[in-house]
Amino acid sequence: MTPHSDEALYAKVSSAGPGAFWALGGPEGLQAGSAAGTDAAHTDADAVHDVAGLAPVLALWPVIGCLVDRGELSLHTPLTAHGPTTHQLLTRGAADGLPGLVPFVEALCGAPLADCAAELVWRPLGMTRTGPGPDGTLRAPLADLGRFLGHLLSPADHPVPRAWTAESLRIRTGELTPARGLLWHPGPYGVWSYGDGPSLFASPRHSRWAALVPGSGDAGSAALRTAFREAVFAGDAAEAAAVVRS
């Protein structure tokens with residue numbers, strides 16, 4: 001990103017959510033953030049935030065991907081004799097589908113979900129500051145969220161299998177609405193996202209990721225998430241369209 005676009009992005013996001021923390025980048029790492037260009041840049045990226053709302057996508061989703069890749073879990077096998085499948089639960093809303101998956105995954109792993117995620121995903125990616133806080137709430141810095149998202153856009157096949165990411169970031173609900181992938185939600189500009197408070201965004205099409213942690217007064221703000229997505233990804237879409245027309 002150019003300095004001008006950094007400044008424009010900062011202005012747009014700050015206007016929508018003055019207290020928000022954010023970062024964006026690509027497979028190679030961080031490119032810009034809410035404190036980029038200041039002495040506080042590294043402090044901002046390393047400050048640990050409450051990201052409890054992201055536990056399904058940071059812990060449950062990648063652990064399931066590892067289990068599927070190892071042949072220990074099938075997406076289309078009912079969890080109980082007459083129950084739903086993992087595929088069905090991952091394509092429902094978080095409140096409807098995910099609570100029943102956690103104990104099932106923990107039983108397969110033989111450990112609490114956070115321990116499974118730390119062993120299989122977080123430590124291999126260098127996400128050393130991601131984990132439950134003293135109150136049990138998942139916490140992580142923007143730097144770790146960037147490591148996670150950058151890996152999903154990279155050619156690396158470990159720890160999160162590339163096939164799992166590719167299968168998850170495509171429509172898995174047919175003609176049903178709302179459209180969903182495996183946990184992830186599709187949006188404009190080829191962007192996939194997860195989260196109603198702290199939010200993650202990934203665009204394989206543009207090789208760009210973004211992470212947003214709202215300020216205390218903006219938690220759950222759909223307007224902030226929309227403004228952030230537009231500021232980060234709309235320019236990429238416009239540039240791509242211009243190349244096609246030229």
Side-chain angles (χ1 to χ4, degrees), residues 13 17 19-36 40-66 94 98 101-102 105-106 109 111-154 156 158-160 164-165 168-169 183-185 191-203 208-216 218-221 224-225 228-229 232:
V13 179
F21 295 89
W22 55 272
L24 65 89
E28 70 286 349
L30 179 72
Q31 295 174 348
S34 49
H42 293 294
T43 301
D44 205 23
D46 292 332
V48 177
H49 303 281
D50 180 342
V51 294
L54 296 179
V57 76
L58 291 176
L60 183 62
W61 173 76
V63 168
I64 289 176
C66 293
L98 301 185
L101 262 178
V102 173
V105 169
E106 290 180 332
C109 291
L113 179 60
D115 292 347
C116 300
E119 177 184 352
L120 295 174
V121 181
W122 300 340
R123 282 198 292 267
L125 288 178
M127 298 168 62
T128 57
R129 302 185 67 193
T130 296
D135 60 354
T137 298
L138 184 63
R139 302 180 67 80
L142 284 170
D144 278 5
L145 300 182
R147 291 181 179 97
F148 180 78
L149 289 165
H151 171 65
L152 301 186
L153 298 179
S154 79
H158 177 80
V160 182
W164 176 247
T165 301
S168 297
L169 302 186
L183 193 68
W184 294 80
H185 298 187
V191 178
W192 292 81
S193 66
Y194 185 85
D196 292 327
S199 304
L200 303 183
F201 303 82
S203 176
R208 176 167 290 188
W209 59 261
L212 173 69
V213 178
S216 57
D218 299 313
S221 171
L224 172 58
R225 293 194 303 277
F228 181 68
R229 184 192 65 214
V232 173

query: Do the side chain of Trp122 and the main chain of Ala59 share a donor and acceptor less than 3.5 angstrom apart?
result: no
query: Should Cys116 and Val105 count as side-chain neighbours, where that means a heavy-atom distance under 4.5 Å?
result: no
task: Among Leu142, Leu138, Val51, find the residue that satisfies the side-chain contact (heavy atoms from CB on, under 4.5 Å) test when tested with Pro198.
output: Val51
- request: Determine the minimum heavy-atom distance between Phe201 and Arg229, stating which atoms define it.
  value: CE2-CB, 4.1 Å
- prompt: Is there a donor-acceptor pair under 3.5 Å between the side chain of Glu106 and the backbone N or O of Leu113?
  reply: yes
- prompt: So, does Arg208 use its side chain to make a donor-acceptor pair with the main chain of Val232 at under 3.5 Å?
  reply: yes
message: Once rounded to the nearest 0.5 Å, what's the spacing between atom CG of Leu58 and atom CG of Leu145?
response: 6.0 Å
message: Whether the side chain of Ser168 engages the backbone of Trp164 through a donor-acceptor N/O pair (distance < 3.5 Å, no angle test) should be reported.
response: yes
- request: Measure the CH2-OG1 distance between Trp192 and Thr165 for me, rounded to the nearest 0.5 Å.
  value: 12.0 Å
Spacing of Asp50 atom CG and Asp135 atom CG [to the nearest 0.5 Å]: 7.0 Å
- request: Give, for atom OG of Ser221 and atom CG of Asp196, the distance between the pair rounded to the nearest 0.5 Å.
  value: 11.0 Å
message: Could you report the tightest heavy-atom contact between Ser34 and Ala20, atom names first, then the distance?
response: CB-O, 4.1 Å
- request: Spell out, as yes or no, whether a donor-acceptor pair under 3.5 Å connects the side chain of Trp209 to the backbone of His151.
  value: no
query: Rounded to the nearest 0.5 Å, how far does CD1 of Ile64 lie from CG of Leu183?
result: 8.0 Å
- request: Supply the atom-to-atom distance Arg147 CZ to Thr130 OG1, rounded to the nearest 0.5 angstrom.
  value: 8.5 Å
field: Minimal non-hydrogen separation, Arg129 against Val48, with atom names
entry: NH2-CG2, 3.2 Å
Exam field: side chain Ser199 to backbone Gly197, donor-acceptor pair closer than 3.5 Å: yes
field: Pro62 side chain reached by Leu120 side chain, heavy atoms, under 4.5 Å
entry: no
message: I need the minimum non-hydrogen distance between Gln31 and Glu28, along with the two atoms involved.
response: NE2-OE2, 2.5 Å
message: Which label fits Trp61 and Phe148: parallel for a plane angle under 30°, tilted from 30 to 60°, or perpendicular past 60°?
response: perpendicular
